[in-house]
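Notes for the one structure printed next.
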Protein chains: 2
Amino acid sequence: MLPAMRRARIIELLRKDGMASLKDLTDALDVSLSTLRRDVDYLCESGHLERTHGGAVLNVNRHGSFEPARDIATALESSAKRAIGQRAANLIKPGQTVIFDSGTTTAAAALCVRERGIAFTAFTNDLAIATLLSASPAIQVFVSGGSVRPGSTTLLGSGALHSILRLHADIAFIGTHAMTATDLSDTSIDLAEIKRAFLMAADLVVLLADSSKIFSRAFCSFGRTSQIGLLVTDTRVSPEAEADLRGRGLALDIVPEVPE
Amino acid sequence: MLPAMRRARIIELLRKDGMASLKDLTDALDVSLSTLRRDVDYLCESGHLERTHGGAVLNVNRHGSFEPARDIATALESSAKRAIGQRAANLIKPGQTVIFDSGTTTAAAALCVRERGIAFTAFTNDLAIATLLSASPAIQVFVSGGSVRPGSTTLLGSGALHSILRLHADIAFIGTHAMTATDLSDTSIDLAEIKRAFLMAADLVVLLADSSKIFSRAFCSFGRTSQIGLLVTDTRVSPEAEADLRGRGLALDIVPEVPE
DNA sequence: ATCCATCTTCCAAAAATGATCAAAGTCGTG
DNA sequence: CACGACTTTGATCATTTTTGGAAGATGGAT
């Protein structure tokens, strides 16, 4: 296994609970303790996580750091996200108004929609999504104002919130850091505030969440699964989780990972 | 098999998981390790991917997600714009609030300020400027809302205008499409509306205009040269134009083009 | 204080790398 | 078609990087 891949997996494993012991990680990754220790040190140096005695915790403050380590960011742009994005993109009909929440999965969706070439109106609080959507002349892009979250491309704050509150859209694509059977949660209050507003602003709320997000919790709750019209996720979601969510009446769309 | 074809296949294989080891690639492509290594080096040079020990990861920027740096990169090819930007950047003092109008010259200024590393607050209606400024943790970036002008990274419309009207800044860096001895003008009514608001919102208005803009006219007037506190331009401005502008009491800062 | 898990430091084996070189292939020219 | 100039390929080898383990130091519990 590639060192870069291993480090990406470490981050992914940490996202699950926010922390993990080195023992857990060696079991999961099947490498020696020394190697793992070095990886964790490296990720710590680069600011992705912090050490504790016996383990590591994810650094929540840096959702994206100053110069996000390219290799890791790329690894997480997995085929799962692309597949989810593709499915989401196909939900949009010409002429509709669509909200794109900030995030990498929603950005994947935006990229896929742009490639479909259909004409519609987009609203987003993510500079990266706005930029990539604006490259298509068929798409009218609106951007929430607000302050840029340091190290990321997300717009937050009262400026953003006010522009959203006046909004009404056909579809909202929402990303999340974590979800349980009942709750959606993310890492900061400001983020949660915006997402909460998005949930209210659209007829159909589509949650885009790869399976690593499912059945974990983050600091700040921003909504309930009952507010979700459709959850698009990948095939690695556990059967129990799937049954549980379906049992609660949630519509699931589980997309296979297409290697493009 | 053609080298070009082989390289295309490499990219394709990388898309699957975002990364792959050289071993995987030789197995899949049936070429020697040396050749593959050279291919990967080549693709790395050309920016399609990045190397890690034992393998390669796909460069997500090339994947088309977004790169607002492109316009700015071309802007900086002009040594005049770079010099103007540098001079503008030096006007900012730590802690000030600064408006960056949309445009490539103002973007050059933003890039120079970021490299100075000082802490200040920025407001802009340009997605590219917002993105590049937000990469610095010292800079607090506010973005006007609004709709994206098709084919550019400029935010326009009532959303943008309203957020600007509530604003007050120490300095505003304004770009222009054209200027005469008395008038500033640009190509669209929407653009002019925004610039007009910027002119009112700052204590000191600094016009950044390379010499090609001086003494020409565009469709829509947005202000008068008397509203300008300082004009930063390059040495190719004609002596008559310079004398005329100085005669009207306009402060000029003519910067030599520093070749890099 | 004592014990045990964890951490650091070091070392040798294994893997990957960059450089070099001969063989094979490609191209343009007469 | 034959020739030389040039590029591409595959193999080898010394060097660097990474890995896994061992020995000793450190830190946190009881």
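Per chain, numbering begins at 1; letters A, B, ... match sequence-line order. Model, not experiment: these values are computed from the prediction.
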task = Using a 4.0 Å cut-off on protein heavy atoms (strictly under), produce a 5'-to-3' string for nucleotides 19-30 of chain D with B for base contact, S for backbone-only sugar-phosphate contact, and - for none.
result = BBB---------

request  = Kindly say whether A/L43 contributes a backbone atom to a donor-acceptor pair with the side chain of A/R7 at under 3.5 angstrom?
outcome  = no

Measure [atom1]/[X] against [atom2]/[N] and give the value in whole Å, please.
| X | N | atom1 | atom2 | result |
| --- | --- | --- | --- | --- |
| B/M5 | D/dT8 | CE | P | 17 Å |
| B/L22 | D/dG10 | CG | P | 15 Å |
| A/K23 | C/dC4 | NZ | P | 18 Å |
| A/Y42 | D/dT17 | OH | C1' | 14 Å |

query = Thinking salt bridges, do A/K195 and A/D101 make one under a 4.0 Å N-O criterion?
reply =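 A/D101 and A/K195: salt-bridged.
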
inquiry  = Regarding B/R51 and B/D41, does a basic nitrogen lie under 4.0 Å from an acidic carboxylate oxygen?
reply    = yes

request  = Ignoring hydrogens and angles, state whether a donor on the side chain of A/D183 or A/T180 is under 3.5 Å from an acceptor on the partner side chain.
outcome  =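 No, because no side-chain N or O of A/D183 sits under 3.5 Å from a partner of the opposite role on A/T180.
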
task = Indicate whether the side chain of A/N125 and that of A/S144 have a donor and an acceptor atom separated by less than 3.5 Å.
result = no

request  = Ignoring backbone atoms, establish whether B/R51 has a side-chain N or O less than 4.0 Å from OP1 or OP2 of C/dA16.
outcome  =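 So the side chain of B/R51 is outside the cut-off, no N or O lying under 4.0 Å from OP1 or OP2 of C/dA16.
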
query = Under 4.0 Å between a side-chain N/O of B/R37 and OP1 or OP2 of C/dT17, yes or no?
reply = yes

is_close_aromatic(B/F123, B/F142), centroid dist under 6.0 Å =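 Centroid separation for B/F123 and B/F142: 6.0 Å or greater.
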
ask   = How is A/T52 classified with respect to the nucleic acid when contacts are heavy atoms under 4.0 Å: base, sugar-phosphate, or nothing?
value = sugar-phosphate

